[in-house]
Amino acid sequence: MCGIVGILAHNGTVAPGLLERATQSLAHRGPDDSGTVIVRESLPEPMEVGLGNRRLAILDLSPLGHQPMQDPQTRNWIVYNGEIYNFREIRGKLEEAGVGFESNSDTEVLLKAYGHWGEGCLDQLRGMFAFAIWDAPRHRLFLARDPMGIKPLYYCSAGQYFLFASELRTLLETGLIPRRLDAAGLVNYLAFGSLYDPITLIEGIQSLRPGHYLVWEQGIVRDVMYWDLAPGKQQLATPAGEDTPTQRKTLEDEMHATLDESVRMQMVSDVPVGVFLSGGIDSSSLAGILTRTGAALNTFSIVFQEADYNEAEYSRAVAQKFGTEHHEILVSQRDALEAVPGAFLAMDQPSIDGLNTYLISRQTRAAGIKVALSGLGGDELFAGYSTFHSVPRMESFTRVWEHLPSLARQTLAAAFTLLAPDSDQNRKLAALASGNGRVLHPYFLSRTLFTQKQRDGLFSSRDVHSIERSQRPLRENLSRARGLDAINRVSYLEARCYMLNTLLRDSDAMSMAHGLEVRVPLIDHRLAQKLLALPGSWKLDSHTPKPLLVGALDGALPDQIVHRRKRGFTFPFEHWLRDELRSEVETALDRIRHGPLASILDSQGVSQIWQDFQQGKTSWSRPWSLYVLQRWCELHSVNG
């Protein structure tokens, strides 16, 4: 696990000290080692390629794992962030083909795999990764990101330079990129509380999408999708009319075997591995599967002094059931509140989430753990959210609604808007009823932070081009999900939208701020595609939540865990914004009228959101999102 950066000067040179400063900006991601190289060998002049790496040593702790790493046979160079869990299997294949190795690192395996298979090496990999290879014989740069988007990778062109890095902030720190807001990114942020790949909040910087690779060659950039989460028709597990009890049992057993394989595989490490244990189904399942291996297991849970937020009884029950070495991290609400400034500094892009991950990562790393497994992704792939019930119902409503005469729709929508109490939920329902095509799909409405009407009130002017560009990622994901059944369509959209752009991005930024590697075995890409190939109806049960995941434990999960009321891991923001943080947030929102957002956001619209919160008409997340945006722009000197 590392942080990587690269600067390709294709009509000039890399300025002295620039690569070193950019690499140093990633020190928190890799406290164990640092390396840079300027490649000039056999390059047409004037041209230079600078590669930098900060290393968090997990596999092969020796100096042989140092990066940037060169393959002496091909002369290729690599910088790499991530873990390839099946690297020993890949190494065996390469050794059978006569390829030799000097280290025990997965970095060398990845470098040799590219030298042997080229782009085809991506088909061999199971893991989380973002890497760059300078292909010396062909004078080309090859970038790739893992299929599920667990590890980030940003890139941009700036005059004679092409740049990439693990963090957007590193690209800004080079001084080569103007700190200008991307209007389409701002639209996405206000819509969902996060930025939607490939768009970022900074004009000119893009995020490489999951399951994509990018090639730079002779100044031409080519972006290619090599894998998608949605299975093809030939991969669907049960063709129409062939769903029998025997076949279902066989397919569920295959899925459970893949789940077991994924969890066990992700324990590969030369340092101790812990498990984040919340006491929910997802993390409890990880603990249960791992204890079947007979390995000693360390579990970590945050427990609160305040009873309203304390879930210690559940995590303790799981730890006792599976016999783990359990560690409780006692946190007061004051501790959590005091962590807010540090979490802001760790934010690579603005997000309304992530404080919980920041806090547990800090405490877990302080306990001496470098690697932790998380149950992230269980809700998205095993149908744990309420959206798996509500969105299909909204789809059905929309189909019926669209067949009503236009006048009837307008009259009923107007009546609902007039008579329904003013709340976030009712505003969304009104938007669905009166959308007139502005609502792309009910899923996006379910995840909406500010409705379209609210966003119209927040923006000083309506930039039609930016709005259209902000919707491209939504349209692309929706297009790929249309061939799936209603439940699997929600699963695809949750994985490619909320999970990718909020949960995974926050998890990476907040954990790596403390030099902690977080692994997410429930979203192994082979497991994920197998799950989406199964009928969606198998994933919902009126008696048992997430039946496919619970079934994988063969009744080993305690009933109090399986049937407990679902509850997110949250902090009392509602209270904070009315008490401890009120003055801070109010003052920051007032600064919007004078800062980088002044020319974009309408100050009266911002004030209205704050008033609505004070009057109980909207939740804390709306003003909080504006506060986060303002603070992030201030911290990074971003211009409107």
Side-chain angles (χ1 to χ4, degrees), residues 143 145 149 152-159 161-210 212 214 221 223 344 347-352 440 444 447-450 452 454-456 458-477 496-498 500-502 504-506 508-509 592 595-602 605-606 625-640:
L143 307 179
R145 189 178 181 195
L153 189 58
Y154 299 98
Y155 67 94
C156 63
S157 295
Y161 297 103
F162 180 83
L163 304 97
F164 66 85
S166 295
E167 295 189 358
L168 178 144
R169 294 174 300 175
T170 294
L171 296 179
L172 291 180
E173 288 300 314
T174 66
L176 299 173
I177 314 297
R179 296 172 181 254
R180 287 196 299 265
L181 283 175
D182 187 310
L186 188 57
V187 172
N188 270 342
Y189 176 77
L190 292 178
F192 303 108
S194 63
L195 286 303
Y196 270 38
D197 282 357
I199 298 168
T200 73
L201 198 59
I202 302 299
E203 194 175 281
I205 298 180
Q206 293 189 72
S207 171
L208 185 61
R209 287 169 287 185
H212 281 239
L214 182 146
V221 175
D223 184 332
F344 268 115
M347 250 181 228
D348 192 41
Q349 291 203 76
S351 168
I352 65 170
L440 286 180
F444 299 118
R447 285 291 180 190
T448 290
L449 186 65
F450 293 107
Q452 183 65 60
Q454 288 174 310
R455 296 199 298 276
D456 289 345
L458 281 169
F459 282 104
S460 298
S461 61
R462 197 161 185 269
D463 183 345
V464 176
H465 173 69
S466 295
I467 293 172
E468 190 280 328
R469 192 160 62 85
S470 75
Q471 290 188 339
R472 286 178 196 167
L474 283 62
R475 294 182 187 278
E476 289 174 7
N477 284 318
R496 283 307 198 219
C497 297
Y498 176 62
L500 171 68
N501 298 301
T502 300
L504 285 175
R505 186 180 297 145
D506 287 348
D508 174 82
I592 287 178
L597 297 168
S599 62
I600 302 173
L601 296 185
D602 180 81
V606 172
S625 68
L626 296 173
Y627 168 67
V628 170
L629 178 65
Q630 172 68 9
R631 292 291 293 119
W632 193 90
C633 290
E634 290 174 337
L635 281 170
H636 300 290
S637 304
V638 175
N639 302 309

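Residues take their numbers from the sequence shown, with the count starting at 1. Here the structure is a predicted model, which is why all the values come from computation and not from measurement.
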Short question: side chain of [X], backbone of [Y] - any donor-acceptor pair under 3.5 Å?
| X | Y | result |
| --- | --- | --- |
| Asp506 | Ser351 | no |
| Asn188 | Ile199 | no |
| Arg455 | Phe450 | yes |
| Thr170 | Ala165 | no |
| Asp508 | Leu504 | no |

Would a 4.5 Å heavy-atom cut-off, applied to side chains only, mark [X] and [Y] as touching?
| X | Y | value |
| --- | --- | --- |
| Val187 | Gln471 | no |
| Arg505 | Leu195 | yes |
| Leu214 | Phe164 | no |
| Leu163 | Ile177 | yes |
| Leu172 | Tyr154 | no |
| Leu168 | Ile202 | yes |
| Tyr155 | Ile205 | no |
| Arg179 | Cys633 | no |

Measure across [X] and [Y] and return the closest heavy-atom pair with its distance rounded to 0.1 Å.
| X | Y | value |
| --- | --- | --- |
| Arg447 | Tyr498 | NH2-CD2, 3.5 Å |
| Pro152 | Ser166 | CG-O, 3.4 Å |
| Cys156 | Gly204 | CB-O, 3.1 Å |
| Gln349 | Leu201 | OE1-N, 3.2 Å |

Open item on the list: Let's go through Asp197 and Arg209 carefully: what are the C-alpha distance in whole Å and the side-chain angles of both, what is the deciding distance for salt bridge (charged side-chain N to carboxylate O under 4.0 Å, His left out) to 0.1 Å, and is it a yes or a no?
Closed with: CA-CA 6 Å; Asp197 282 357; Arg209 287 169 287 185; over 6 Å; no

TODO: Output, in order, the C-alpha distance, side-chain angles, deciding distance and verdict of salt bridge (charged side-chain N to carboxylate O under 4.0 Å, His left out) for Arg472 and Glu468.
DONE: CA-CA 7 Å; Arg472 286 178 196 167; Glu468 190 280 328; 3.1 Å; yes

Task: Short side-chain donor-acceptor distance under 3.5 Å, Ser194 and Asn501 - done: no

Open item on the list: Under a plain distance cut-off of 3.5 Å, with no hydrogens placed, do Glu476 and Tyr196 share a side-chain donor-acceptor pair?
Closed with: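 Their side chains do not contain a donor-acceptor pair, so the 3.5 Å distance test is not met.
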
- [ ] Rounded to the nearest 0.5 Å, what's the gap from NE2 on His465 to CZ on Arg469? Could you check?
- [x] 5.5 Å

Open item on the list: Rounded at 0.5 Å granularity, tell me how far OG in Ser470 sits from OH in Tyr189.
Closed with: 15.5 Å

Open item on the list: If you take the centroid of each ring, where Trp contributes its six-membered ring, are Tyr627 and Phe344 closer together than 6.0 Å?
Closed with: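 Yes - the distance between ring centres of Phe344 and Tyr627 falls below the 6.0 Å cut-off.
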
